[in-house]
2 protein chains.
Amino acid sequence: MAMSLTEESLAEGSLTESKEVPPVSLRHGLLGLLAEGPASGYDLTRRFQETLGPVWPAQHPKIYAELARLTDAGLIEVDSHGPRGRKAYRITDAGTAEVRRWLAEEPVDHTLRIESLLRSVFFWLMSPDELSAHLEREHRFFTETAEVYRRFAMAKDRGDYGTGPQTQSLRVAAEAGIRLFQALSDWAEWARTVSPPTPDSPATPGDRPTDSSG
Amino acid sequence: MAMSLTEESLAEGSLTESKEVPPVSLRHGLLGLLAEGPASGYDLTRRFQETLGPVWPAQHPKIYAELARLTDAGLIEVDSHGPRGRKAYRITDAGTAEVRRWLAEEPVDHTLRIESLLRSVFFWLMSPDELSAHLEREHRFFTETAEVYRRFAMAKDRGDYGTGPQTQSLRVAAEAGIRLFQALSDWAEWARTVSPPTPDSPATPGDRPTDSSG
DNA sequence: AAGGTACATGTCACTTAGTACATGTCCATC
DNA sequence: GATGGACATGTACTAAGTGACATGTACCTT
């Protein structure tokens with residue numbers, strides 16, 4: 001084994017959290033949203049797509065299925081029936097207790113899965129031109145996304161959404177979005193300076209693994 | 001719909017990328033690693049756990065299964081048989097072309113799935129004490145993880161791992177790790193200042209949704 | 001020679017996630 | 001009154017991820 005990012009440091013370090021019990025956070029995400037008040041599967045689908053989409057995607061089939069499971073478990077119950085077969089769900093006391101337990105006791109699963117980072121391990125396979133174009137696209141995307149969160153934060157700070165506790169939490173979440181995507185944006189820009197973008201400069205030695213001089 | 005993080009901005013914005021074709025990045029991750037040279041399923045499992053684990057987890061059952069699929073597809077082939085039934089795989093020309101194609105042409109899946117962020121949306125359900133303790137744990141974890149990446153980066157910059165193109169790419173990936181986890185570390189610390197940590201101060205009004213005065 | 005550890009590969013069952021398909025209602029506009 | 005769009009819920013199928021189980025080898029130490 002040649003070099004590896006961390007060898008023993010990552011493996012035995014603070015990073016490997018043994019998880020005996022599955023995390024299944026979507027379940028608790030739904031419970032958490034329902035803790036704000038009754039909502040239908042359709043409502044929850046929209047909120048997951050619009051509010052949580054970039055950070056925790058979920059499609060409606062999964063959501064309807066989970067709502068059924070949560071109902072079976074007695075953590076939520078049908079609150080009301082609306083116009084087009086609409087069913088609004090309400091969180092039960094057991095459900096509220098369960099979200100609280102999750103938040104306070106369940107260890108956080110710190111697993112990330114960021115394709116941009118995975119790809120960066122293989123940048124050496126790209127031509128300088130390709131890499132430069134790629135990093136520019138990435139930079140643009142991350143900058144724009146950070147901006148979206150920044151706009152929400154500013155609106156909230158202006159008082160557009162009131163000062164309720166839920167809004168306050170959303171503000172905290174948005175702050176994470178800002179910082180995260182800004183960090184990625186800065187990184188993409190920095191990465192371009194490491195591997196020179198101009199095709200006339202020969203770049204760092206051995207930048208192209210093909211056509212080796214042997 | 002009361003407030004939502006972005007309403008139309010996120011939904012129609014630059015965030016929703018329609019994906020007709022499944023991304024399956026593990027496949028390309030394996031190809032990318034094999035582009036560095038022949039390796040066995042066991043080797044690749046170790047590299048995924050040690051090097052890529054925090055950013056792209058993969059367990060050996062999935063890896064062996066993918067290696068079989070990649071072999072069927074002609075993107076890799078068995079390079080050699082070793083001591084204990086060990087099979088080292090080698091990337092084929094078609095395989096190399098496929099990683100390159102993926103890197104250059106395939107749109108990046110920017111989906112994140114960060115449980116820490118999901119939880120932050122529900123901070124309003126936690127007592128100030130619980131939240132404070134939680135954020136302190138989070139802060140510690142993120143700081144330590146950033147430190148791990150920072151150490152690797154420093155070792156690389158000292159020249160411990162040479163200056164090959166693969167190492168250079170790992171350095172870029174590590175930089176992302178540093179910035180990402182540092183951003184999360186800073187965020188966790190900042191969040192503590194928003195919701196006051198001391199139980200004697202009454203915190204922001206309406207911090208505890210239970211025992212409302214009604 | 002026995003025992004332990006790291007090496008090494010695989011299967012099976014189950015859960016989670018995601019796409020495509022299917023159906024039907026309410027409402028506004030043409 | 002027809003058409004289309006948003007509302008609303010679901011099923012079926014496929015793919016991806018994970019924990020547990022199962023098996024066996026090479027090597028090192030006692």
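To find a chain, count down the sequence lines: A is the first, B the second, and so on, and within it residues start at 1. Side chains included, hydrogens not; waters and symmetry mates left out as well; all remaining heavy atoms used. None of these values were measured; they are calculated from a predicted model.
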*Asks:* How would you list, by chain and number, every residue that makes a ring pair (Phe, Tyr, Trp, His ring centres under 6.0 Å) with B:His134, sequence neighbours excluded?
*Replies:*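 B:His134 satisfies ring pair (Phe, Tyr, Trp, His ring centres under 6.0 Å) with B:Phe123 once adjacent residues are dropped.
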*Asks:* Just to be sure I understand the rule, does A:Ser40 reach a base, reach only the sugar-phosphate, or reach nothing, if contact means heavy atoms closer than 4.0 Å?
*Replies:*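 Sugar-phosphate: the residue A:Ser40, judged by heavy atoms under 4.0 Å, touches backbone atoms but no base.
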*Asks:* Can you check the A:Glu50 CD to D:dC7 C1' distance for me, whole Å?
*Replies:*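 That distance rounds to 13 Å.
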*Asks:* Using the closest heavy atom to pick a nucleotide of DNA chain D for each, name whichever of B:Pro57 or A:Lys87 lands nearer the 5' end.
*Replies:*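 The 5'-side residue here is A:Lys87.
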*Asks:* Over how many whole Å does the gap from B:Glu115 atom CD to C:dA17 atom P extend?
*Replies:*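 Going from CD in B:Glu115 over to P in C:dA17 covers 11 Å.
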*Asks:* Rounding to a whole Å, what distance do you find between A:Leu118:CG and D:dG17:C1'?
*Replies:*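 After rounding, the gap between these two atoms is 16 Å.
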*Asks:* Output yes when B:Lys87 and B:Glu77 qualify as a salt bridge under the 4.0 Å nitrogen-oxygen rule, no when they do not.
*Replies:*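 Between B:Glu77 and B:Lys87 there is no salt bridge, as every charged N stays at least 4.0 Å from the carboxylate O atoms.
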*Asks:* Let's go through A:His28 and A:Glu98 carefully: what are the C-alpha distance in whole Å and the side-chain angles of both, what is the deciding distance for side-chain contact (heavy atoms from CB on, under 4.5 Å) to 0.1 Å, and is it a yes or a no?
*Replies:* CA-CA 8 Å; A:His28 294 103; A:Glu98 172 56 22; 2.7 Å; yes
*Asks:* Is the distance from OP1 or OP2 of C:dG18 to the nearest side-chain N or O of B:Arg113 less than 4.0 Å?
*Replies:*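 Yes.
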*Asks:* Calculate the interatomic distance between B:Trp56 atom CH2 and D:dT18 atom C1'; express it in whole Å.
*Replies:*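 Whole-Å distance recorded here is 16 Å.
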*Asks:* Strictly distance-based, threshold 3.5 Å: is any side-chain N or O of B:Thr96 a donor or acceptor partner for the main-chain N or O of B:Thr92?
*Replies:*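 Yes, the answer is positive, given that a donor and an acceptor are paired below the 3.5 Å cut-off.
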*Asks:* Just the atom pairs and distances: protein N or O near nucleotides 4-6 of chain D's N or O, under 3.5 Å.
*Replies:*
none

*Asks:* Going by an N to O cut-off under 4.0 Å, is there a salt bridge joining B:Arg86 and B:Asp43?
*Replies:*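 Yes.
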*Asks:* Please answer whether the main-chain N or O of B:Val172 pairs with a side-chain N or O of A:Trp187 as donor and acceptor at a distance below 3.5 Å.
*Replies:*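 Between the backbone of B:Val172 and the side chain of A:Trp187 there is a qualifying donor-acceptor contact (under 3.5 Å).
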*Asks:* Whole-Å distance between C:dA8 C1' and B:Gln49 CD?
*Replies:*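 Roughly 13 Å, once rounded to whole Å.
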*Asks:* Taking only heavy atoms on the protein side, list every residue of residues 58-82 of chain A lying under 4.0 Å from any atom of DNA chain C, sorted numerically.
*Replies:*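 Heavy-atom contacts with DNA chain C come from A:Gln59, A:Pro61, A:Lys62, A:Arg69.
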*Asks:* What is the distance from CG of A:Asp43 to C1' of D:dA8, rounded to the nearest Å?
*Replies:*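 Interatomic distance, CG of A:Asp43 to C1' of D:dA8: 10 Å.
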*Asks:* Short question: side chain of A:Glu105, backbone of A:Trp102 - any donor-acceptor pair under 3.5 Å?
*Replies:*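 No, A:Glu105 side chain to A:Trp102 backbone: no donor-acceptor pair under 3.5 Å.
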*Asks:* Nearest-Å distance, CZ (A:Phe48) to C1' (C:dG18)?
*Replies:*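 Answer to the nearest Å: 15 Å.
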*Asks:* In terms of the angle between their ring planes, are B:His110 and A:Phe141 parallel, tilted or perpendicular, with boundaries placed at 30° and 60°?
*Replies:*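 Ring orientation of B:His110 relative to A:Phe141: parallel.
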*Asks:* Could you walk me through whether B:Phe122 and A:Leu31 pass the side-chain contact (heavy atoms from CB on, under 4.5 Å) test, one step at a time?
*Replies:* CA-CA 10 Å; B:Phe122 308 123; A:Leu31 279 177; over 6 Å; no
